[in-house]
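Scroll down for the structure; my scribbles are underneath it.
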Amino acid sequence: MSGTVVHLHKNTDPPADTATVTTLTVVPEPPTAPSVPLWVRSGRAIKTAVTHDNTRTAARAVARHSLYVAGGARIVGRRAWDGRTAARYERYMRTAEAAGNFDAAAEWEERGQRFREARHRRRMDLLHSPLDVAKGAGISVGMGIGGLVLLGIAMAVATKDASDVVTPLMAVVEFINLMITIVQVVWGPALTIGPFLALLALWSVGAHQKAAPQWALPPNVRTGEGEPITPSIVVKALRDLGVPALRKAITEMGDAGASMLSPIVIAGCGVEVDVTLPSGVSTNEVQSKRRKLAENLSRHEHEVFITIPAAARTVRLWVADSGALDEPIGPSPLVTDETMTADYAKGRAPWGQDLRGDAAALSLYQRHLLITGLSNQGKTVALRSLALWLSLDKSVQFLMGDLKGVGDWAMFDGLATTLIQGPTDEHVIQVTEMVESAVEEMNRRIQAPPGTVFPALIVLVDEAQVAFMCPVKDEEGRFYGGSKATSRYFMAVRKIHNQGRAVNVLMWQGTQDPTDQNLPKLVREGAHTRASLALGTESQARMALGDKAVDGGAAPNLLRPGLDQGTLVVASSGIDIPKGQSSITVRTHYVDDNAAVAITDRAKALRDGVTTLHAIERKEEHDPLADIAAVIGDAPRLRTQDVIKRLSALNPTAYGDWSPGDLTRVLEDAGAEPYKSDGRMVVGRDRVQRALANRDSQGSASDAG
């Protein structure tokens with residue numbers, strides 16, 4: 001009965017008339033765990049001990065230091081082989097041939113031949129050296145003994161003791177005997193210790209070169225975090241990039257693949273190197289694998305920049321020190337130098353630093369500006385810092401529209417001629433009219449006598465996408481937003497882009513998340529300086545900077561939103577860009593609101609006083625169709641040019657800049673299109689009167705309804 005216990009109970013107090021009864025009770029035994037064989041428990045203990053972290057660490061350490069010795073022996077052997085043979089020259093020659101540089105290949109072949117000839121001469125000299133050594137040794141010994149005897153004779157003459165003749169000779173013999181005794185004493189321990197010293201030397205070489213597999217290296221070494229960039233690391237990173245032609249070429253080059261590289265130079269908070277790619281490998285194959293290349297170099301993707309220099313089949317790598325791009329740059333000179341002034345025509349705005357750590361300064365002279373990027377990446381601060389610097393030139397005038405309206409530009413109150421702040425449709429209308437007033441000023445300047453010099457007028461609109469997306473129409477049915485020829489904001493910006501530069505009327509815009517809807521193509525391409533913060537996609541990067549910059553390596557879409565705030569990719573002729581590149585990455589200085597107020601206070605002190613308008617004064621209300629009817633009068637028809645002249649005389653403010661297209665648009669909308677009469681475009685009185693009557697009747701019907 002497995003699992004039960006039998007208990008015997010004897011009744012000690014039975015009734016008198018009964019016999020003693022013994023009771024047998026069966027009680028179940030509590031279940032117990034099945035017994036485990038000893039060999040199983042021992043196996044588990046061994047498995048636990050083997051898989052324990054401490055055991056693995058110890059095993060990895062033993063393997064690592066053992067492999068250091070083997071790796072050191074391999075490195076020393078390789079060096080010795082290279083020193084004694086022409087293998088090094090053979091590798092260099094194969095590398096040059098793989099890279100298509102046959103002149104260099106011929107030069108390395110010639111060097112190798114000279115090395116072989118010199119080695120042959122040394123070997124031939126060794127055949128004659130024993131006889132020469134014997135002769136030289138005999139002569140040297142004879143001269144040495146003769147010299148010692150002469151020294152002894154001189155000593156004997158001086159001391160008048162004939163035994164001193166052999167004293168110098170015996171001293172030399174005793175010295176030689178002492179050296180032999182010392183060698184006999186040291187030789188035994190040296191033979192014992194020598195192999196250990198040799199192993200220690202090999203271990204030292206292997207440890208210095210990290211000559212062990214990655215799995216055996218300690219964690220802080222295996223990650224490669226902060227590992228310095230060396231030619232061998234760059235070559236290995238390129239070899240493992242996944243480009244078959246590149247890997248094959250580097251494999252054929254051997255360790256001499258580093259000959260593809262220019263000298264690695266320190267460039268700011270990183271290093272820079274040019275890589276001449278082998279034949280059959282294009283630059284875009286390397287550019288498209290930026291992340292993999294960065295990881296092969298033990299860096300994050302944002303710490304490696306790939307650009308295309310002027311040299312053919314060459315890519316330029318800039319590799320940051322680990323974590324260096326996360327460190328802030330210093331304060332702006334605008335903040336630290338209270339005596340700084342600006343010069344619009346000849347000066348450059350101190351904007352920040354490039355990746356080399358050099359100062360990045362931007363010329364603003366006669367250049368329209370566009371800055372874009374995702375929200376909250378530092379666009380307004382980057383744009384504002386340029387305006388702050390330019391405000392220190394007292395001749396510069398500002399018209400500003402802030403369609404965010406949270407006070408980012410409030411410090412320009414009393415400095416800008418117009419400052420409109422707010423995100424509503426009414427603010428868009430005001431900003432549009434502000435830009436249109438700049439167009440009128442531009443036209444006035446264009447009509448001035450040749451040679452007239454005008455001060456800079458900066459028309460700045462922040463959050464310009466709000467204006468482009470505005471759905472409101474004016475009283476003539478034209479949209480304020482949009483990207484059509486009837487869109488008022490779009491057309492005003494286009495006019496400034498087309499002609500404003502020549503008379504120093506410049507358009508600056510900041511916008512978010514560029515698309516064809518909120519940043520039309522013609523407006524994007526009209527900016528001379530285009531800069532972008534972090535973006536989401538490559539297509540947005542192309543919208544922001546243009547195809548040429550992106551094809552040349554510009555990649556604002558690879559910046560890290562939230563982490564690379566204030567970092568801009570700039571395409572402009574106004575900033576120093578390395579030769580052969582189409583863009584430059586700039587880490588802008590951060591100028592906070594308090595510092596901005598202090599700078600604008602200095603700028604206001606340079607001026608006599610500016611009254612800032614916070615709204616555009618509305619023009620006098622007028623009815624174009626009624627005015628056209630009035631200037632035609634009783635004439636049956638009137639040439640379009642004459643109608644425009646009479647309208648301009650009637651209301652110069654409203655019609656002073658009208659063109660035949662403006663007149664045609666108003667008449668077509670009213671259904672009174674101009675027509676040809678005797679080969680000339682004319683406006684018919686009856687058509688205009690009929691259009692007025694129809695409009696009035698429709699208005700009355702609407703009122704009645």
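What you see is a predicted model, and the numbers here were worked out from it, not measured in a lab.
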Contacts of [X] that satisfy side-chain contact (heavy atoms from CB on, under 4.5 Å) - sequence neighbours left out:
X      : answer
Leu558 : Arg290, Glu301, Ala555
Ala448 : Thr452, Phe454
Ser539 : Thr537

Please output the side-chain donor-acceptor pairs of residues 682-692 that fall under 3.5 Å, not counting sequence neighbours, one pair per line with the distance.
{"from": "Arg685", "atom 1": "NH1", "to": "Asp634", "atom 2": "O", "distance (Å)": "2.6"}
{"from": "Arg687", "atom 1": "NH1", "to": "Glu673", "atom 2": "O", "distance (Å)": "2.7"}

Heavy atoms, side chains only, cut-off 4.5 Å: are [X] and [Y] in contact?
X      : Y      : result
Met507 : Val461 : yes
Thr585 : Trp318 : no
Val439 : Val505 : no
Leu533 : Thr567 : no

Open item on the list: Ignoring hydrogens and geometry beyond distance, is a side-chain donor-acceptor pair present between Ser437 and Glu440 at under 3.5 Å?
Closed with: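 Ser437 vs Glu440: no donor-acceptor pair found between side chains.
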
Open item on the list: Below 30° counts as parallel, above 60° as perpendicular, anything between as tilted: where do the rings of Trp409 and Phe412 land?
Closed with: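 Taking Phe412 first and then Trp409, their aromatic rings sit tilted (interplane angle of 30° to 60°).
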
- [ ] Could you label the plane-to-plane angle of the His368 and His497 rings as parallel, tilted or perpendicular, counting under 30° as parallel and over 60° as perpendicular?
- [x]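 Rings of His368 and His497: tilted, 30 to 60°.
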
Open item on the list: Using 0.5 Å steps for rounding, measure from the CD1 atom of Ile575 to the CG atom of Leu568.
Closed with: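 Interatomic distance, Ile575 CD1 to Leu568 CG, rounded to 0.5 Å: 9.0 Å.
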
Task: Approximate separation, where rounding is to 0.5 Å, of Ser483 OG and Asp516 CG - done: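 Result: 8.5 Å between the selected atoms.
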
- [ ] Show your reasoning for whether side-chain hydrogen bond (donor to acceptor under 3.5 Å, both in side chains) applies to Arg639 and Ser677.
- [x] CA-CA 9 Å; Arg639 291 189 307 168; Ser677 176; over 6 Å; no

- [ ] Can you tell me which residue pairs pass the salt bridge (Lys or Arg N to Asp or Glu O under 4.0 Å) test with a partner in residues 595-615, sequence neighbours excluded?
- [x]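 Salt bridge (Lys or Arg N to Asp or Glu O under 4.0 Å) check on residues 595-615 returns no pairs.
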
With sequence neighbours left out, write down each residue that passes salt bridge (Lys or Arg N to Asp or Glu O under 4.0 Å) with [X], or none if nothing qualifies.
X      : result
Asp564 : Arg560
Asp425 : none
Arg637 : none
Arg680 : none

Open item on the list: With a 4.0 Å cut-off on N to O distance, would you call Asp354 and Arg587 a salt bridge?
Closed with: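 Salt bridge flag = no for Arg587 with Asp354.
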
Open item on the list: Assess whether a salt bridge exists between Glu476 and Arg665, defined as any Lys/Arg side-chain N lying under 4.0 Å from an Asp/Glu carboxylate O.
Closed with: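 Between Arg665 and Glu476 there is a salt bridge, with a charged N closer than 4.0 Å to a carboxylate O.
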
Open item on the list: Applying side chain to side chain donor-acceptor pair (under 3.5 Å), can you list everything that pairs with Gln499, at least two apart in sequence or on another chain?
Closed with: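 Counting only residues at least two positions away or on another chain, Gln499 forms no side chain to side chain donor-acceptor pair (under 3.5 Å).
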
Task: All side chain to side chain donor-acceptor pair (under 3.5 Å) counterparts of Arg494, not counting sequence neighbours - done: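 Counting only residues at least two positions away or on another chain, Arg494 forms a side chain to side chain donor-acceptor pair (under 3.5 Å) with Asn498.
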
If you look only at distance, which donor and acceptor atoms sit under 3.5 Å apart when one is on a side chain in residues 374-400 and the other is two or more places apart or in another chain?
{"from": "Gln377", "atom 1": "OE1", "to": "Gly562", "atom 2": "N", "distance (Å)": "3.0"}
{"from": "Gln377", "atom 1": "NE2", "to": "Ser375", "atom 2": "O", "distance (Å)": "3.3"}
{"from": "Lys379", "atom 1": "NZ", "to": "Asp462", "atom 2": "OD1", "distance (Å)": "3.2"}
{"from": "Lys379", "atom 1": "NZ", "to": "Glu463", "atom 2": "OE2", "distance (Å)": "3.1"}
{"from": "Thr380", "atom 1": "OG1", "to": "Asp462", "atom 2": "OD2", "distance (Å)": "2.9"}
{"from": "Arg384", "atom 1": "NH1", "to": "Asp408", "atom 2": "O", "distance (Å)": "2.9"}
{"from": "Arg384", "atom 1": "NH1", "to": "Asp593", "atom 2": "OD1", "distance (Å)": "2.9"}
{"from": "Arg384", "atom 1": "NH2", "to": "Val591", "atom 2": "O", "distance (Å)": "2.9"}
{"from": "Arg384", "atom 1": "NH2", "to": "Asp593", "atom 2": "OD1", "distance (Å)": "3.2"}
{"from": "Ser385", "atom 1": "OG", "to": "Trp351", "atom 2": "NE1", "distance (Å)": "3.4"}
{"from": "Ser385", "atom 1": "OG", "to": "Val381", "atom 2": "O", "distance (Å)": "3.4"}
{"from": "Ser385", "atom 1": "OG", "to": "Ala382", "atom 2": "O", "distance (Å)": "2.8"}
{"from": "Ser391", "atom 1": "OG", "to": "Leu388", "atom 2": "O", "distance (Å)": "2.5"}
{"from": "Asp393", "atom 1": "OD1", "to": "Ser395", "atom 2": "N", "distance (Å)": "3.1"}
{"from": "Asp393", "atom 1": "OD1", "to": "Ser395", "atom 2": "OG", "distance (Å)": "2.8"}
{"from": "Asp393", "atom 1": "OD2", "to": "Tyr344", "atom 2": "N", "distance (Å)": "2.9"}

